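As structure tokens, the structure follows; a few thoughts come after it.
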Amino acid sequence: MSQETLNTHKASLLLSAANKSHYPPDDLPEIALAGRSNVGKSSFINTLLGRKNLARTSSKPGKTQLLNFYNIDDKIRFVDVPGYGYAKVSKTERARWGRMIEEYLTSRENLYAVVSLVDLRHDPSADDVQMYQFLKYYEIPVIVVATKADKIPRGKWNKHEAAIKKKLAFEPTDTFIIFSSETRQGYDEAWDAILGRL
Ligand code: GTP
Ligand code: MG
């Protein structure tokens with residue numbers, strides 16, 4: 001599939017699910033978005049779909065609580081996964097969250113790839129490293145998107161990219177994209193990487 005054959009503007013929230021019994025049928029390829037709370041997952045979705053606020057974003061972390069399935073042109077789906085690493089949640093909540101994500105990532109037959117978002121400005125957190133290693137373990141293709149690139153000078157991007165790759169033990173068979181939802185830096189690369197996995 002190419003960007004030309006996909007009407008990326010024809011997108012809508014299909015449903016929100018807490019567990020398997022609520023997932024839509026597994027008839028379309030899905031791309032899931034994972035990453036720390038507030039890293040910019042929902043903003044990434046909005047940028048790729050050319051929409052301001054289809055996926056709800058917030059400066060308040062923990063906005064996305066369920067698995068949100070977005071239908072794109074009846075051809076593919078994006079699955080916005082609640083962010084991890086948000087301190088202000090109870091142990092019970094955290095455990096529920098863990099089960100919800102794990103159930104989806106380990107059992108979903110039509111999951112084609114996970115876009116794993118990290119913040120280009122910072123070294124990946126322990127949770128970021130764990131997520132990447134988890135995806136490697138289950139042999140789920142990963143596209144690492146290092147976002148908020150607009151917040152650091154272009155001359156420092158390479159240095160930050162190298163630091164992130166080192167910390168993740170990034171495998172060269174995966175894709176690494178420097179991205180910004182503010183400037184749309186990396187927009188074409190992100191679509192190419194996603195559609196290239198279908
Ligand atoms: P949760 O739903 O809580 O897991 O967060 P999220 O990962 O969906 O983050 P969200 O997209 O809501 O963005 C969090 C904040 O970061 C918002 O204030 C966004 O405007 C901001 N943000 C996201 N991406 C970028 C970016 O590329 N550049 C800049 N400057 N800000 C960004
Ligand atoms: Mg979100």
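These numbers come from a predicted model, not from an experiment. Count residues from 1 along the sequence.
With 3.5 Å as the limit, one finds a donor-acceptor pair spanning the side chains of Asp174 and Tyr132. A donor-acceptor pair shorter than 3.5 Å cannot be found between the side chains of Ser181 and Ser43. Judged by distance alone, the side chains of Glu182 and Ser180 never bring a donor and an acceptor atom under 3.5 Å apart. Counted by atom type alone, Asp150 and Thr183 present zero donor-acceptor pairs between their side chains at under 3.5 Å.
When all heavy atoms of Glu103 and Ser107 are compared, the pair lying nearest together is O-OG, 2.6 Å. The shortest heavy-atom contact between Ala11 and Leu54 is CB-CD2, 3.9 Å. Annotation for Gly83 and Lys41: closest pair CA-NZ, 3.5 Å, computed over non-hydrogen atoms.
For Asn71, the side chain to side chain donor-acceptor pair (under 3.5 Å) criterion is met by Asp74, not counting sequence neighbours. With sequence neighbours left out, Tyr70 forms a ring-ring contact (aromatic ring centres under 6.0 Å, His included) with no residue at all. Applying the side chain to side chain donor-acceptor pair (under 3.5 Å) test to Ser125 and every residue at least two apart in sequence or in another chain returns Asp128.
Residue Gln130 qualifies as open at atom CD: its count of foreign heavy atoms under 6.0 Å is 12 or below.
Residue Leu135 is not grouped with residue Tyr112 when hydrophobic side chains (ILVMFWY) are merged at heavy-atom distances under 4.5 angstrom, including chains of intermediate members.
Using a 30° and 60° split on the angle between ring planes, Phe134 and Tyr138 fall in the tilted class, from 30° to 60°.
A side-chain donor-acceptor contact under 3.5 Å links Gln133 to the backbone of Leu168. Judged purely by atom type and a 3.5 angstrom limit, Trp97 has no side-chain atom pairing as donor or acceptor with the backbone of Tyr84.
A cation-pi arrangement, defined by a distance under 6.0 Å to the six-membered ring centre and an angle within 45 degrees of its axis, is absent between Arg108 and Tyr104. With Phe176 as the aromatic partner, Lys165 meets the cation-pi criteria of under 6.0 angstrom to the ring centre and within 45 degrees of the ring axis.
Between the NZ atom of Lys136 and the CD atom of Glu171 there is a distance of 4.0 Å, given to the nearest 0.5 Å. Distance check, rounded to the nearest 0.5 Å: CE of Met100 to CG of Leu67 gives 4.5 Å.
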Please test Leu6 against Ile72 for side chain to side chain contact (heavy atoms under 4.5 Å, CB included), starting from the C-alpha separation and ending with a verdict. CA-CA 8 Å; Leu6 185 71; Ile72 305 161; 4.2 Å; yes
